[in-house]
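When a ligand or atom number is given, it counts from 1 through the structure's own listing order. Below, all heavy atoms of this structure are taken into account, side chains as well, without hydrogens, waters or symmetry copies.
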Amino acid sequence: MNFDANKLIKKCENDLKGSCFHQVDDTALYNQEKVLRAFQNNKVALRHFSPTSGYGYDDVGRDTLCKVFSDVFRTEKAIVSPLIANGTHALTIAMFGILRPGDELLYITGEPYDTLEDVIKGEGIGSLKEFGVKFNKIELTSDGKFDFEAIKAALIERKPRMIGIQRSRGYSWRNALKYKDFEEIITFIRNISPLSVIMVDNCYGEFVDKEEPSEAGADLIVGSLIKNPGGGLAPTGGYVAGKAEYVDLVAGKLTAPGIGMEVGSYMSTYQYFYQGLFMAPHVVAQAIKASLLFCAVFSELGYEVLPAPYSVGGDIITSIKFPRAENLISFCQAVQKCSPIDSFVTPEPWDMPGYNDQVIMAAGSFVQGASIEMSADSPIRAPYIAYFQGSLTYEHAVIALKKCLEYLSGSEK
Ligand SMILES: *Cc1c(COP(=O)(O)O)cnc(C)c1O
């Protein structure tokens, strides 16, 4: 590549400082206050970090953590637990908690996230389909908007029990949804089918805006603690927050019906869940700035990117379209090379559980696979899109970006 990478990065950084970084800082400040207040309202104290064992009855650390999250997300109730293995698990209990045989699940953002395919439609593995739950989807329009006409028709005709909305882009070429999109669509759904339970897959979206989809009226929001709301410190876990009657049904699937959140112990400290949530608004801001920089630089170099350069999207991801699979793989390998952990290993595409294409994943993270930490991943399928996200510090992303440009100039030779 016959250009000065350092100069280009500096130029983009200066442009970003003059355009959207202040918006990111403003959102972080707002959300930091929101989180701090939730800690204070719930009188979080050192005793809440204490480990528990066995049944975990009267585990105030667990119960208070749920209340703090519920407060931050402005919901009636929340389940926040290290017993939730990942985002897929959280979404699974949310769906199994609400849906009953004969019910319909209607996704209005197209195909759900890759790992949910087996959960919804798998054969011989206890999927929703095998329990008699019908599934339908409505694609977003070609410009990434809701297909209001098709949604209206489906709602009037069938009154689906549950509506699924995926906030983040997943592995598709589209923008993430923003808060105003949720306001619009949720009002629209409520007017036509008030009894449908609206569930938002909120993965990668927490703290990107000042409000969460729950504040726009979503019944349930669901996410992973090794993404945004764990702040890079939560070692595992997920959450489901929303209306109390629905959260209680979901709790019955996490443990057992009739037991719900009365049990569930954790023989390690809860400190990192609390501290991670406290850090999350700032860490998310770092990750957004990292994505903005990658987005700007790759756009300047002539690559197709999403979101549009110099605009804050609805999640922490930047998508970059590469001409060939080799470029995509080089990009991910450069990210891995710049990681604090496992910098010496070279990621290769592999058959990751839950995904139907081979996936390459660069994540040299402190918490295994944590994608609030700097990471890049992609299914190996055309078009070759790298999904870059995370960074505990913005500085780390600057360093990695230089390496990516170096690797790509190598792979272009
Ligand atoms: C990460 C993610 C999930 C869940 O993935 P896990 O790897 O199981 O945590 C679900 N939906 C979206 C949009 C995601 O980004």
Side-chain angles (χ1 to χ4, degrees), residues 79-96 105 107-122 128 137 140 144 162-178 181-182 199-208 212-213 218 220-232 234-241 254 276 284 287-288 291 306-307 313-319 350-357 359-363 365 367-379 385-390:
I79 301 167
V80 186
S81 176
L83 306 183
I84 297 176
N86 56 16
T88 305
H89 185 200
L91 287 156
T92 299
I93 58 173
M95 294 188 290
F96 274 91
L105 167 65
Y107 249 75
I108 59 171
T109 43
E111 200 64 52
Y113 191 73
D114 289 45
T115 57
L116 296 178
E117 189 175 334
D118 280 344
V119 177
I120 294 169
K121 299 180 264 192
L128 282 169
K137 66 177 174 185
L140 292 166
M162 187 176 234
I163 315 278
I165 306 176
Q166 184 181 301
R167 178 170 178 177
S168 180
R169 67 199 69 192
Y171 290 125
S172 60
W173 187 256
R174 67 146 166 120
N175 276 313
L177 301 170
K178 306 208 41 144
D181 300 317
F182 285 105
M199 176 190 76
V200 174
D201 175 349
N202 206 27
C203 284
Y204 284 133
E206 299 90 351
F207 303 122
V208 172
E212 298 298 330
L220 290 173
I221 60 171
V222 184
S224 161
L225 297 187
I226 65 168
K227 294 181 180 172
N228 305 16
T236 184
Y239 74 86
V240 179
L254 173 61
V284 167
I288 296 171
S291 270
L306 274 182
D315 63 16
I316 62 167
I317 305 172
T318 278
S319 315
W350 66 300
D351 298 308
M352 207 170 151
Y355 294 83
N356 291 332
D357 289 292
V359 176
I360 184 162
M361 219 163 245
S365 50
V367 170
Q368 189 191 64
S371 44
I372 184 62
E373 300 185 47
M374 196 173 67
S375 49
D377 48 68
S378 179
I385 302 165
Y387 299 89
F388 171 87
Q389 68 272 314

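A donor-acceptor distance shorter than 3.5 angstrom exists from the side chain of T318 to the backbone of S291, with no hydrogens or angles considered. Judged by distance alone, with hydrogens and angles left aside, the side-chain atoms of E212 form a donor-acceptor pair with the main-chain N or O of F207 at under 3.5 Å. Counting only distance, with no hydrogens or angles, the side chain of S319 and the backbone of W173 share no donor-acceptor pair below 3.5 Å. S224 places no side-chain N or O within donor-acceptor distance of the main-chain N or O of N86, the cut-off being under 3.5 Å.
For the pair K227 and Y387, the NZ or CZ position fails the cation-pi test of under 6.0 Å to the six-membered ring centre and within 45 degrees of the ring normal.
For W350, the side chain to side chain contact (heavy atoms under 4.5 Å, CB included) criterion is met by M352, P353, not counting sequence neighbours.
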Every pair of nitrogen or oxygen atoms between ligand 1 and the protein that is under 3.5 angstrom apart - can you list them with their distances to 0.1 Å?
{"unit_1": "ligand 1", "atom_1": "8 (O)", "unit_2": "N86", "atom_2": "ND2", "d": "3.3"}
{"unit_1": "ligand 1", "atom_1": "8 (O)", "unit_2": "G87", "atom_2": "N", "d": "3.4"}
{"unit_1": "ligand 1", "atom_1": "8 (O)", "unit_2": "T88", "atom_2": "N", "d": "2.9"}
{"unit_1": "ligand 1", "atom_1": "8 (O)", "unit_2": "T88", "atom_2": "OG1", "d": "2.5"}
{"unit_1": "ligand 1", "atom_1": "9 (O)", "unit_2": "G87", "atom_2": "N", "d": "2.8"}
{"unit_1": "ligand 1", "atom_1": "11 (N)", "unit_2": "D201", "atom_2": "OD1", "d": "3.4"}
{"unit_1": "ligand 1", "atom_1": "11 (N)", "unit_2": "D201", "atom_2": "OD2", "d": "2.6"}
{"unit_1": "ligand 1", "atom_1": "15 (O)", "unit_2": "K227", "atom_2": "NZ", "d": "2.9"}

